[in-house]
Amino acid sequence: MMQQPRDSTFQRPSNEDLRAIITNPNEAKKLVEWANRLGKSLKDMGLTTSQIRALFGEVRQIQAEWRINRQRAFRRLVLLRPKMAYRARRERGRAVEELVAVLDPALNHVIQADPRPEGQQPGTDDNQDDNFQRFAEFFEAILAYHKAYGGQ
Amino acid sequence: MEREDAYRIALAGLLHDIGKFAQRTGGWQGAHTEVGGEFVRQFVPEGWQADLYPVMGHHDEPLLTYEAKLIALADRLSAGERLAAEAAQPRQLLSIFCSLTADGQQAPEDKYWPLKPLRLEEAAVFPDESLAESQVTAAYSALWRGFEQETRHLLKAHARAESLSTYLESMLLLLQRYVWCVPSAYYRSVPDVSLYDHSRATAALAVCLMEQPETHIDELLRALKTWHQERAKALDAPPPPVLEETTVALLVGGDISGVQDFIYTITARGATSALRGRSFYLQLLTEAVARYVLRRLELPITNLLYQGGGHFYLLARPSDSSCLAEIRQEVSRILLRYHQGDLYLALAELSLVAADFYEGRISQKWGALVEHLRRAKQRRFAELGPGLADLFAPQGHGGNEERECQVCGREHPGTRTDDDVRKCPPCLSYEELGDRLRQARYLWLTEMKADDELGAESGGWEEVLRAFGLQAGVAEELTAVPNTGRPRWILALEDDAMDNLRPDAHTVVGRRLLVNVTPVYGKADEEWLGRLPKAQQGALRQELPQEPQGKIKPFALLEAQSTGIPRLGVLRMDVDNLGTLFAKGLGDQATFSRVAALSFAISLFFEGWVEVLAKRVGKTADGRDRLYSIYSGGDDLFFVGSWDAVVELARKIRADLTRFAADHPGVHASAGIALVGGKYPLYQAAGDAGRAEAQAKEVRRRVNGREHRKDGIAFLGQAIPWRQFGVEECREGMETVHSLAHWLERLTRDEQDGGAKAPKALLQMLIRLQEQYAEATKERALLGEDRNKAGEEQVYYGPWMWRGHYFLKRMARRYEKDDPEVAKAVDGLAEHLHGENFRAIEWIGLAARWAELLGRDRST
């Protein structure tokens, strides 16, 4: 179910949808659809890339580190939550706040999951490793659509 | 004389229903047997009229003569059912494809062959909606006028009734031209068998039935009658035992094996003309062997059901079996002697009992014969017994370099140097044949005694044919055709060449379908070369033979004349599931005539229409020919040429095959295209194209829950369904690989060449996106997650979607100010792909690579 929009232009995915996007490998369609919608709304709200460049950069770095030192990468991931909260408050306008309001619960689905069991293939159902990949993709997709709709 | 008797019966069989054709012009009154009798009186030389009583009498009750009974029985077996009532006349011939079930589907609507003489013209060859009632009679009358005129020529030529065999074959070819589109009758209320196919099948069967004594023919006719009465009460009434016990004919198949190696395993030196010559020689060899078998068995030409592309099928008498065993040995001995085991003829036979002609059983028999042939091929030369040892005896002296041919690698005492290359006499003879073919308008054949003039052994193709009692050649002008006084055939290779032909008492004339597309060096090529930069021009001129005018263009030139990147394209293509089409497609509707009709239709396309397409597609606006047919016949083809022309040809063939097959969704073909350099060994290119074709046959797609197999093309290493590749006329767009490739090519072309000068990086980006997708797909398939629970392939959502959208949008924006056209186009592409859920990701890279090759600067 979709939550009530805070204002007329912005719709957020429900927690159910977010869970699906992050934990279910077969819900990529939902991921793309929501990323598209969010990208467009955020552009309309005036989000600029520079406002969140640092956050996305951090996610990319964590992605790179994940394979090398999983423990440290996970620690950085947990610390991403306060960083996001800080950004949401600091930046002007409501756009970053809205974005973080989506990303934070999404990130929570990563942090709370158990690591992928030994012997299981990448890309499987609800586990920390794959959920994180999907989280990173989700973030990337939102930004790609934001840019595609003309976001600066 | 038994031989003469067979010809008489064959002629009676061939003409037994000619009255039906005459009747439909509206100008002849009476039952078709009476009209047929009148036709015989007016148009058949007097000397043979008495033999044609069965034309009038084959429906009499009771049947009056032995001959009439033979024709009546053959007529019924060929039609595979009780004789239809005379009351209603079918108007037009329903396309045989409309009776076909393939891929579990049928043609969407009934289509009819036009009522026109057989010519390779759009209006004659493609089936269409049926004509209005008022047009039908006029069409029949026009068709009949042509037939009548030709028949008069034939009558005049044979006024003295000297050579029945010549007359019979001329008549057969006449019927093929004029009666191929005339329906014979309603069989099971479907008029899909032509009078031509039904008549020749009846003729063939009647000859085979001559072995049965009259009392036995009576018995069979009675049994058929009884069975039909019983079936009227209970559909599944079993046939009376006599129909199951009487062998009425042998179905004989011949199949030359070793063809692939024979054609392709030659070096590139002198390959261009040798290749065509070798391929054509195989066709002549098939014909020579088929006619040899007929002659040895004293069977008329009407007993040859099909010949072409290394195969033939004929109908023989039950007692011919032992003679066939001898013939098998003779043929093998000759082939072994001249080809040292490279070529082999598998000859197999199968007995047919009377009941085999009913309830679709004939298709299974046909399938069984093909299986026999396959097994015979696995025991090549086994029939030679002790003579087989020759195969393993050392050949040549070994290591005599000056005697080793640089084209085929064999040693031959007559090897000599030609154009700086050492060639053996057989290879030289193939080259010469290939060269002569390029301007050929006629093919001529003459019969000779098999042992005539066998002496000096050069081993050239002409000698091999002579060993089978046939002399053959091609000519551009009729005056060049030798007249030896012996029976001969002159066959026009083009429709127009047909108009100059007149039969005489010893000359059979007719049309022979042969895909003969040869790129010849001409004025347009000279001018084209003259426009090239000096260095490139010089390099290409070195590849040309001395005095290139009128000679076959070397591969290097075809390669250089490609659009975009210079490459030679090699195309192999064939009809999907052909065996199943024949064995199961007609179901229990399969009759002897129907199987013949299907086989005729498929060869009409591949031996006839493909030539028209190739000539059209191969020619550039300034008159250069860029396509070269190595082989096209039966149901498959092999073409070489400038790569972009080869791709367009494949598309055109695929598109027209559907139209030709009455839009039947289950009749389709797969193609493989390999791009190679002009000096790449051809046998490897043939192998590459063959593997590409195999890859195309692996194509699967799902539409409305139904899986479709094959019907694909493999190009640039990727196999894709034709539907997605695009078979439509050339236009730009985003719907198919083809339309997108052309659109992208123009978009990225330079402005002075009429392009929009979009960055080439666009192509690179699309290619990379697809690569990303392909990699992810591979992984997903490993996990078995590429299908949903219903087993259907799913759209795969992934990073390429947002990344592609992002890249395209960004690129569009960058061009907004300086080049609004590019910006708009790229933006449109982004929107289109997005709207389609990026489904094009599976082929977008292929389109981009295609565009890239098309736009590749020639100098790099």
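Letters A, B, ... mirror the listed sequences (proteins, then strands); counts begin at 1.
- Heavy-atom distances place no part of B:R810 under 4.5 Å from chain A, backbone and side chain included.
- Atom CZ of A:R70 has more than 12 heavy atoms from other residues, nucleotides or ligands within 6.0 Å.
- For A:K29, the NZ atom counts as loosely surrounded, since its 6.0 Å shell holds 12 or fewer non-hydrogen atoms of other residues, nucleotides or ligands.
- Considering only heavy atoms from C-beta on, A:N26 stays 4.5 Å or farther from B:Y797 through its side chain.
- Expressed to the nearest 0.5 Å, how far OH of A:Y149 lies from NE2 of B:H805 amounts to 4.5 Å.
- Rounded to the nearest 0.5 Å, atoms CG (A:N36) and CH2 (B:W802) are 11.5 Å apart.
- Counting only distance, with no hydrogens or angles, the side chain of B:R803 and the backbone of A:E140 share no donor-acceptor pair below 3.5 Å.
- Within a 6.0 Å sphere centred on CD of B:E775, heavy atoms belonging to other residues, nucleotides or ligands number 12 at most.
- The number of heavy-atom neighbours closer than 6.0 Å to NZ of A:K40, taken from other residues, nucleotides and ligands shown, is 12 or below.
- Residue A:I142 does not touch chain B at all, counting heavy-atom pairs closer than 4.5 Å.
- The number of heavy atoms from other shown groups lying within 6.0 Å of NZ (A:K30) is above 12.
- For chain B, the nearby parts of A:A141 are the backbone and the side chain; heavy atoms of each come within less than 4.5 Å.
- The distance from atom NZ of A:K147 to atom NZ of B:K809, rounded to the nearest 0.5 Å, is 14.0 Å.
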